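The structure appears right after this line, and notes come after that.
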Amino acid sequence: MKIVLLGAPGAGKGTVAKALNKLTGAVQISTGDILRSEVRAESDLGKIAKGYMDAGDLVPDELIMRMMEKRLQQPDCAAGFILDGFPRTIAQATALDEMMPELGIELDFAANLDVAKEVILDRLTTRRTCSNPDCQAIYNVKSMPTKVEGICDKCGSPVVQRDDETEQAISKRLDVYTEKTVPLISYYEKEGKLLNVRTASSKASAQVIFEKIR
Ligand code: ADP
Ligand code: ZN
C-alpha cells in the first residue's frame, strides 16, 4: 500500500494511518510527527519549523521536500507507506510526482477523509496527545479519555494539548488547509487517483481504504 491521506486538521489522518499500519504493515509517515521531533531535538530544521508550526502556518515547501526525499528512501518504505500530512500544497504534490519515478515509487491513490467542519472543530479542541516522543498516543477528553486523567494509558507520561491547539492557531490551521491543501483534492482527481472517504468513524474509514487496496 502506497497512499496519501488528505483531510483537514482533526479529520483523523493519524488515527486512520495507525489503523492501516496495523492492517497492512505499511509504515505511517507523519510530517507533523517528524517536525515535532525535530523541534524537540532543537535541530536546525526544528528551530526554523517551530515558529511556523506554533502559528498554525505551513513550514516552507523546500524544507519539507528535502525532509521527505530522505524519508522515502529509508528501507522501511519498501513495505508500503501511508503519507499523513504530506503533500499539503500543490507545490509539494507536484514535487512528489516528479520525485517518485526517480525513487521507483508509484502511488496507489490519495484518500480524502471528508469530515464535517463541526466535527473537526470539536475534535481539535478536545484532542490530547501523549508528551512522550516515542509514544505520541492520541486521546480525546470527550470520546476517548485516558483511564487516569492526564496520564497516557500506554506509557504513563502526561498527555498534553499541542502548542498549535490553541483556538487562534486552530482557526489559522483551518484557513491554511482551505487555501493551500483543499486544491489537492482536484489535483488527485485529475490524475484519476482520488478516493473520497466519508464515513462515521476513523476505523470505518481505514476499513474502506483497506478494502480498496485488496
Ligand atoms: P494537523 O494535520 O492536525 O494540522 P500535523 O501534525 O499534520 O497536524 O501538522 C502540524 C504542523 O506541522 C502544521 O500545522 C504545519 O505547520 C507543519 N506541517 C506538517 N506537515 C507539513 C507539510 N507537509 N508542509 C508544511 N508544513 C507541514
Ligand atoms: Zn504515551
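All ligand and atom numbering here is 1-based and tracks the order in the structure. Since the model is a prediction, treat every value here as computed from it, not as a measurement.
- Under a hydrophobic-cluster definition in which Ile, Leu, Val, Met, Phe, Trp and Tyr are linked whenever side-chain heavy atoms come within less than 4.5 Å, directly or via other members, Phe86 and Leu194 are assigned to the same cluster.
- For the pair SG of Cys155 and SG of Cys135, the angle whose vertex sits at the Zn ion (ligand 2) is 120° to 10 degrees.
- No more than 12 heavy-atom neighbours from other residues, nucleotides or ligands sit within 6.0 angstrom of OH on Tyr52.
- Lys212 places no side-chain N or O within donor-acceptor distance of the main-chain N or O of Leu195, the cut-off being under 3.5 Å.
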Write none if no such pair exists; otherwise list each N/O atom of ligand 1 with its protein N/O partner under 3.5 Å and the distance.
| from | atom 1 | to | atom 2 | distance (Å) |
| --- | --- | --- | --- | --- |
| ligand 1 | 2 (O) | Lys13 | NZ | 3.2 |
| ligand 1 | 2 (O) | Arg88 | NH2 | 3.3 |
| ligand 1 | 3 (O) | Arg127 | NH2 | 3.0 |
| ligand 1 | 3 (O) | Arg173 | NH2 | 2.7 |
| ligand 1 | 4 (O) | Arg88 | NH2 | 3.1 |
| ligand 1 | 4 (O) | Arg173 | NE | 3.2 |
| ligand 1 | 4 (O) | Arg173 | NH2 | 3.0 |
| ligand 1 | 6 (O) | Arg36 | NH1 | 2.9 |
| ligand 1 | 6 (O) | Arg36 | NH2 | 3.0 |
| ligand 1 | 7 (O) | Arg88 | NH1 | 3.2 |
| ligand 1 | 7 (O) | Arg88 | NH2 | 3.3 |
| ligand 1 | 8 (O) | Arg162 | NH2 | 3.2 |
| ligand 1 | 9 (O) | Arg88 | NH2 | 3.3 |
| ligand 1 | 16 (O) | Asp57 | O | 2.5 |
| ligand 1 | 20 (N) | Thr31 | OG1 | 2.7 |
| ligand 1 | 20 (N) | Gly85 | O | 3.3 |
| ligand 1 | 20 (N) | Arg88 | NH1 | 3.3 |
| ligand 1 | 23 (N) | Gly85 | O | 2.9 |
| ligand 1 | 23 (N) | Gln92 | OE1 | 3.0 |
| ligand 1 | 24 (N) | Gln92 | NE2 | 2.9 |
| ligand 1 | 26 (N) | Val59 | N | 3.1 |

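- Residues Gln28 and Asn21 have side chains that never bring a donor and an acceptor to within less than 3.5 angstrom of each other.
- Screening residues 174-199 for side-chain hydrogen bond (donor to acceptor under 3.5 Å, both in side chains) gives Asp97-Tyr187, Asn112-Asn196, Asp114-Asn196, Thr199-Ser205 as the qualifying pairs, with residues at least two apart or on separate chains.
- Remark: at the Zn ion (ligand 2), atom SG from Cys130 and atom SG from Cys152 enclose 110°, rounded to the nearest 10 degrees.
- Residues Asn140 and Thr126 bring a donor and an acceptor atom of their side chains to less than 3.5 Å of each other.
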Intermediate values then yes/no, side chain to side chain donor-acceptor pair (under 3.5 Å), Asp61 and Thr89: CA-CA 8 Å; Asp61 291 330; Thr89 62; 3.1 Å; yes
